Structure formats: structure tokens, C-alpha cells
Amino acid sequence: MKKFYLLILSVLVFQNVLAQENLEMKGLMAKEMKSFAAKMNIGNTNPNTLNYDLQYQRMDVSINPSVAQISGSVTSHFKPTQTMSSIYFDLSNQLTVSQVTFHGQPLTFQQLATKEVKIDFTSALPANVLDSLTIQYNGAPPTNNNAFFINTQGGTPVLSTLNEPYGAQDWFPTKQSLNDKIERFDIKVTTPSQYSVASNGKLMSESILGSGQKLTFWRTQYPIAAYLVALSITNFVKLNDTMGTPPFPFVNYIYPATAANTTSMANIEWTKTVMNTFETFFGPYPFRNEKYGHMEFTAGGGMEHQTMTSMGGWTKQLIAHELAHQWFGDKVTCGAWNDIWLNEGFATFGEHVANEKLLMTNTQFLNYLLNEKNVITSAPGGSVYVADTNLGNIGSIFDGRLSYSKGGYVVRMIKWILGETLFYQALKDYHARPNLAYNYVKTSDLNASLLQSTGKDFTGFFNDWIYGQGYPIYDIRWKQTGNTLTFKATQTQSHASVSFFDMPLPIKVNGTGGQVAYFALNNTSNNQYFTETVAFPVASVEFNYEYQILEKNSTVTLDNNLSTSEIKPVEFAIYPNPAKNELFVSGLKKQTDYTIYTADGRLVKKGKTENKIDVSSFSKGVYFMTIENTNFKFVKE
């Protein structure tokens with residue numbers, strides 16, 4: 001879901017854009033919260049639906065966009081994971097179930113106050129045998145959640161849905177818990193013939209029926225979460241195009257007024273450009289066999305419905321955010337609302353990428369990052385992980401400062417730690433792993449994937465930045481003696497939940513003659529000293545010069561009285577880095593075991609060394625070495 005911006009960029013050229021987005025997002029954030037509140041009293045998971053795998057659903061319903069009502073049926077194919085005598089589906093009790101049919105015969109059922117339908121079988125079903133049933137239902141979906149809502153555009157009725165996170169049950173029987181994606185979904189909607197229906201997947205057919213009715217049939221054959229199933233109905237202008245290499249369908253259902261707006265149309269066309277950029281950095285678009293596109297709705301903002309985002313505005317930042325969700329939110333989906341940052345943080349990082357690579361100059365992008373950093377550090381506490389997802393705390397689920405902005409900045413900091421090349425490969429690996437692709441994920445899954453891709457364990461990092469609260473404040477002191485630069489890094493924390501933020505510190509050194517040098521100080525303890533070599537007189541030192549990390553009110557001071565007596569000699573280190581034929585290890589006092597492996601975790605070499613390792617046979621690339629429980633990264637030229 002698109003975030004509600006809380007701050008406007010200081011660069012004047014972006015003020016109008018973000019002010020417009022503020023208006024677009026405000027209504028949608030409220031919708032998210034209301035929809036979420038409806039089901040939170042039973043938690044993230046409905047325990048009654050854990051005993052079966054929901055594999056396929058076919059919706060066959062009638063809807064008139066001028067009336068907030070629905071009637072028809074949903075057929076569900078499911079496989080019990082154990083012997084079962086009854087089955088539950090999530091469905092609002094404001095809708096009326098008229099019949100449940102199983103193998104051509106009616107079954108007894110109950111509609112419960114917990115917004116569930118309990119269906120009893122005449123005899124127990126065996127485990128692991130695919131079966132199916134059909135639920136006939138009708139009624140006016142509840143209006144308090146705004147998951148199924150009507151409005152007008154240009155004087156014409158429009159009906160849309162917005163399920164996130166618990167609104168699907170408001171208009172069709174399904175399984176809402178974030179633990180079982182529906183492998184395939186058919187959506188068949190009958191409407192008055194003057195209207196068009198936009199939805200997920202691939203358009204299979206549009207058929208004119210008798211009595212002025214039209215049947216529209218969409219099919220998605222990629223696994224989908226129930227909250228991502230959506231439709232929008234009105235007198236759309238339908239734009240069919242292609243994008244990408246090789247090309248796949250680019251389909252937009254927009255209002256007639258939007259089709260006449262040159263700015264909106266130009267931004268819709270720009271989607272092709274940002275798609276190419278995201279495919280470069282994130283990997284192939286995950287739903288190429290179906291489509292990508294947009295369907296307009298009146299909720300404001302945007303919602304990343306799988307293969308067809310619902311849009312209430314057409315700014316490029318909004319388009320980029322929702323498109324990034326197709327990889328992060330739709331292909332891999334947070335497995336609990338506590339981990340919503342895996343959706344929203346990564347989509348916000350998608351905005352970072354679009355801004356940096358396409359939309360902004362370097363100065364403008366740095367101003368954007370500074371404003372994001374200022375928003376995030378505007379309060380001393382608050383965790384990205386949503387510890388309390390109960391009904392009374394729904395605001396924290398969709399917290400723009402934490403779930404969105406800080407979540408996005410956490411992704412940026414992972415990039416800083418790994419370096420751009422390794423980071424983007426790790427990102428592609430993450431959503432491509434067989435156990436994660438088109439599935440639900442949690443922070444622990446991301447951590448395991450990063451470890452497998454990079455050899456680096458981010459457990460401590462996530463403890464600090466996702467589960468912990470706040471940010472560090474640094475006091476960086478430096479002095480130059482000949483060609484030696486000495487630094488001392490002191491850190492305090494804004495919140496007691498984190499005792500120390502273990503982070504590489506970005507340092508830029510400016511020489512008196514215009515020379516520049518860059519360092520990443522591996523800050524693992526407080527009051528830590530570092531020495532670096534420079535071949536020029538230093539005029540100034542900058543810290544966090546491209547806002548690589550989160551911090552606030554940090555200071556950098558030339559301190560010619562800085563004591564070097566506390567500097568501890570490095571016990572051992574590797575050099576040169578990059579290496580050509582030989583890698584040297586200094587400081588070892590005896591033969592010591594080592595292992596070297598590639599970024600994907602493949603063992604390359606192991607043995608013992610006291611000083612020198614032959615790497616002449618290695619291919620060019622990035623490698624990782626473990627020695628005395630310490631991890632090093634080096635490059636083979």
C-alpha cells in the first residue's frame with residue numbers, strides 16, 4: 001500500500017508533487033486502517049482454516065456498480081492436511097449464504113459471529129485428497145471497512161475493492177490468513193453491458209449476454225494472497241500495449257477524464273521506463289505471463305493489486321512504489337502484518353531507486369534522503385517490526401515513519417553494507433528462492449537468504465534496526481600525523497532498546513588541494529579507534545556524506561589532542577584487497593584454519609595458513625573468507 005508522506009521535500013521542484021501525493025495518500029491510509037480493524041480481534045491467523053490448503057477459487061458473481069451489492073457463488077478447491085469433518089471460510093456475516101453444494105448435494109452450514117462460515121461434511125474427508133465445494137451467497141458488503149465501495153467519476157458509477165489487510169472476507173468467502181496463497185483464481189463478473197471490469201491476471205473473455213448484460217472473465221495462474229484479489233468497474237477507457245524485453249502486456253483501465261489528461265497519460269507511459277529499471281535491479285517482472293497495468297479507483301493513493309495496481313493518482317513516485325510491490329509484497333508477501341516492512345519498506349526503497357536512477361539529480365536525491373532521514377529520526381523510539389498488532393494499535397501497522405520510511409532506509413543500509421553489486425544480486429536471489437518465490441515470508445527468511453547470498457549474517461543488524469528502536473548519534477574525532485589519519489568513534493543511542501548499533505561508518509576525507517578519499521570504518525564497539533593512510537594534507541572530514549546510514553545530530557571534530565595510546569593493534573588482517581594471485585594475512589602467530597567461499601555460499605578453498613594464500617586459480621569476483629571466527633570480504637581481480 002502506498003505510504004502517506006508526512007514531509008515535503010525541501011527542494012522546491014518537488015514540493016508540488018509531494019503535496020499532491022499527501023492528498024492522494026491520506027484517504028487511502030484511513031481505508032487501510034479501517035479495513036485492518038475489522039479482523040484484528042482474532043489476530044493475523046484464523047486457526048480454524050489451518051487444516052487445509054486452498055488451491056483454487058472461482059468467483060462467479062453479478063455486480064452493478066451503482067449498487068453496493070454482490071450475488072453469486074465462489075467454488076473452492078482445497079486439499080485437507082488432516083482428516084476433517086468440517087471446513088471454515090472467512091466471510092462477513094452481513095452477507096447471506098443461501099446454499100453450500102458438495103458433489104452436487106447440499107451441506108449444512110452456519111454463519112458465525114466471528115465472520116466465518118462453518119460447513120459440515122456428511123462424512124469425514126481424508127487428508128491429502130483434493131476436493132471442492134461451492135458457496136452461494138448475496139448481500140450488501142459492510143461499509144465500515146470500505147473494502148467494497150461505490151462512488152462516481154464523471155457522473156458515472158464506479159465500484160472498486162480494496163482488501164488489505166482483512167477486507168477480502170467482506171465480499172467473498174476465502175482464506176485470509178497469511179499462510180496459504182491461492183494457487184489459481186478465476187474471476188467471472190456479470191455487469192450491465194455499458195461497464196468494463198478490470199481485475200487480476202489475464203483477460204480470458206468478454207461476452208455480451210441477453211438482457212443488456214456482459215460477462216467478463218479474468219484468470220490469474222500465479223499464487224495470490226486473498227487481500228490482493230481485486231476488481232474495479234465503470235465505463236473505463238481500455239489501453240492495451242506492451243512493455244519490457246521480451247514484451248509482455250501492459251494494460252490500463254482508466255477513466256475517460258484521465259485519458260484526456262496529458263500529464264497523467266505521460267506518467268502512465270513512463271511506467272515502461274521504470275519497469276525496465278526495476279527489471280535491471282530487481283530481476284524479471286514476476287508476472288510476465290499475464291500482464292502489468294493499472295485500474296483506476298476513487299480511494300486515492302494506490303494499492304498493489306497483483307498484476308493490476310489500483311490507482312487514485314498518477315504521480316511517478318506513486319507509480320514506482322506500487323510497481324516495486326509486484327516483487328516485494330505480491331511475489332514475496334509478508335507472512336504476518338508484524339512484518340509489513342517487507343512489503344512497504346521494500347516498495348519505499350523502490351521509490352529510492354526510481355528517484356536516484358530516473359527522476360532526480362544527485363543533489364535532489366540527497367535532499368530526498370535527508371528529508372526521509374529527518375522524518376525517521378523525528379522521534380527517538382518506535383520499532384519497524386510491529387510488536388502489537390491488536391485492534392487498539394492499528395496505527396502502528398501503517399506507520400509512515402516506521403513501516404514505510406524507516407523500512408525503506410533499512411534496505412538502503414543493507415545496500416551500503418554489502419555494496420551495490422552484491423546487494424542487488426542478493427535482492428534477486430531473495431525473491432527467486434524456491435521456498436520463498438510466490439510465497440509468504442518473514443524477516444527471518446530475508447535474513448537466511450542474505451546469509452546464503454553474501455555469507456554475512458544480518459541477525460545483529462535486524463535486532464538493532466527492525467526489532468530494536470531508535471538510531472545512533474555519533475561523535476567522530478580525527479587528527480592527522482604525517483600520512484596517518486586517526487579516528488575515534490563514540491556512539492550514543494536514542495532509545496535504550498539498542499545498546500550499540502554495529503555499523504560501517506561512511507567517511508569522506510577532503511584534501512587541501514582538492515583530493516578526496518573514502519573510508520568505511522567497521523565500527524563494532526564504542527569509543528573505537530581507527531587508523532587510515534592518506535597521501536595528502538587533510539582539510540576536512542565528512543561523515544555520512546551520502547546519508548548511507550540513519551543517525552541524527554552527529555558531529556565531526558578535528559581534535560589534535562586525540563590520544564592514540566588506546567589504539568589496539570590489529571591482530572590480523574588481509575591484504576591486498578583487491579587481490580591478484582596471492583592474498584596475505586597479517587598478524588597470525590600460527591597456522592590457522594580458513595575457508596573461502598563465493599557469494600552464493602559455494603566453498604572454493606579451505607586449509608591452513610600463517611601468512612599467504614594462493615588465489616591465482618580463482619575467477620574474478622567477490623569472495624568471502626572466514627578465519628578465527630572473523631569474516632572478510634575480498635575481490636579477486
Side-chain angles (χ1 to χ4, degrees), residues 366 370 373 413 416-419 460 471-493 499-580 582-590 592 609-613 625 627-635 637:
L366 290 178
L370 176 60
K373 188 169 78 76
M413 291 192 292
W416 158 244
I417 292 169
L418 293 176
Y471 51 84
I473 305 100
Y474 292 97
D475 175 17
I476 308 293
R477 296 182 177 266
W478 67 277
K479 79 172 184 179
Q480 183 175 24
T481 305
N483 288 343
T484 300
L485 266 180
T486 301
F487 299 93
K488 181 183 180 183
T490 301
Q491 180 193 123
T492 56
Q493 301 78 37
S499 59
F500 184 81
F501 289 90
D502 187 337
M503 286 291 291
L505 306 181
I507 300 291
K508 179 181 180 182
V509 176
N510 302 298
T512 56
Q515 307 95 327
V516 177
Y518 299 93
F519 301 106
L521 307 181
N522 189 25
N523 188 204
T524 57
S525 61
N526 213 351
N527 299 309
Q528 187 174 0
Y529 285 83
F530 306 88
T531 58
E532 300 287 349
T533 300
V534 293
F536 52 81
V538 175
S540 65
V541 171
E542 298 176 47
F543 170 61
N544 205 20
Y545 51 93
E546 289 183 343
Y547 309 120
Q548 293 96 329
I549 67 174
L550 285 174
E551 48 77 30
K552 184 178 183 180
N553 294 333
S554 297
T555 58
V556 180
T557 306
L558 170 61
D559 185 355
N560 286 318
N561 296 317
L562 187 63
S563 171
T564 59
S565 62
E566 297 181 52
I567 300 177
K568 297 178 180 179
V570 176
E571 293 186 2
F572 58 93
I574 62 170
Y575 67 94
N577 189 4
K580 291 187 178 180
E582 293 178 325
L583 185 71
F584 294 88
V585 184
S586 66
L588 292 177
K589 298 178 177 61
K590 61 179 181 179
T592 305
T609 186
E610 190 172 342
N611 178 246
K612 182 174 65 175
I613 301 171
M625 183 171 76
I627 189 166
E628 287 198 349
N629 297 317
T630 301
N631 293 322
F632 295 95
K633 179 172 74 174
F634 70 92
V635 176
E637 287 189 333

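On a predicted model such as this, the values are computed, not experimentally measured, just so you know. The basis for the numbers below is simple: all heavy atoms, side chains too, and nothing from hydrogens, waters or symmetry mates.
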Please find the pair of heavy atoms, one from [X] and one from [Y], that lie closest to each other, and give the distance.
X	Y	answer
Gln491	Phe501	OE1-N, 2.8 Å
Thr533	Phe519	O-CZ, 3.9 Å
Thr609	Asn611	OG1-N, 3.1 Å
Ala579	Glu582	CB-O, 3.9 Å

[atom1] of [X] to [atom2] of [Y]: how many Å apart, nearest 0.5 Å?
X	Y	atom1	atom2	result
Asn483	Thr531	CG	OG1	12.5 Å
Lys633	Leu418	NZ	CG	6.0 Å
Leu370	Tyr547	CG	OH	4.0 Å

* **Stepwise side chain to side chain contact (heavy atoms under 4.5 Å, CB included) check, Ile476 with Lys488** => CA-CA 6 Å; Ile476 308 293; Lys488 181 183 180 183; over 6 Å; no

* Quick one: do Leu583 and Met625 satisfy side chain to side chain contact (heavy atoms under 4.5 Å, CB included)? Show the steps, please. => CA-CA 11 Å; Leu583 185 71; Met625 183 171 76; 4.2 Å; yes

Please table the atom pairs, donor to acceptor, closer than 3.5 Å between any side-chain atom in residues 552-562 and protein atoms at least two apart or in another chain.
residue, atom, partner, partner atom, Å
Lys552, NZ, Thr377, O, 3.0
Ser554, OG, Tyr474, N, 2.9
Ser554, OG, Glu551, OE1, 2.7
Thr555, OG1, Asp475, OD1, 3.3
Asp559, OD1, Asn561, N, 3.0
Asp559, OD1, Leu562, N, 3.4

* Kindly determine whether Val541 and Phe487 satisfy side chain to side chain contact (heavy atoms under 4.5 Å, CB included), including the steps that lead there. => CA-CA 10 Å; Val541 171; Phe487 299 93; 4.0 Å; yes

List, one per line, each side-chain donor-acceptor pair under 3.5 Å for residues 502-516, sequence neighbours excluded.
residue, atom, partner, partner atom, Å
Asn510, ND2, Ser540, OG, 3.1
Asn510, ND2, Glu542, OE2, 2.8
Gln515, OE1, Gly513, N, 2.9

* Could you tell me whether the side chain of Tyr529 and the main chain of Ala489 form a donor-acceptor pair under 3.5 Å? => no

* Ignoring hydrogens and angles, tell me if any N or O in the side chain of Gln493 forms a donor-acceptor pair with the backbone of Ser499 under 3.5 Å. =>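 Side chain of Gln493 to backbone of Ser499: a pair is present.
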
Are any non-hydrogen side-chain atoms of [X] and [Y] less than 4.5 angstrom apart?
X	Y	result
Asn544	Lys373	yes
Asn523	Phe530	yes
Glu546	Leu366	yes
Leu550	Met413	yes
Ile549	Phe543	yes

* Please find out if less than 6.0 Å separates the ring center of Tyr545 from that of Tyr518. =>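 Yes - the distance between ring centres of Tyr545 and Tyr518 falls below the 6.0 Å cut-off.
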
* Asked: ring pair (Phe, Tyr, Trp, His ring centres under 6.0 Å) with Phe500: which residues, sequence neighbours excluded?
  ->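 Listed in chain order: nothing, the list is empty.
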
* Trace of the side chain to side chain contact (heavy atoms under 4.5 Å, CB included) decision for Ile627 with Phe632 -> CA-CA 8 Å; Ile627 189 166; Phe632 295 95; 3.4 Å; yes

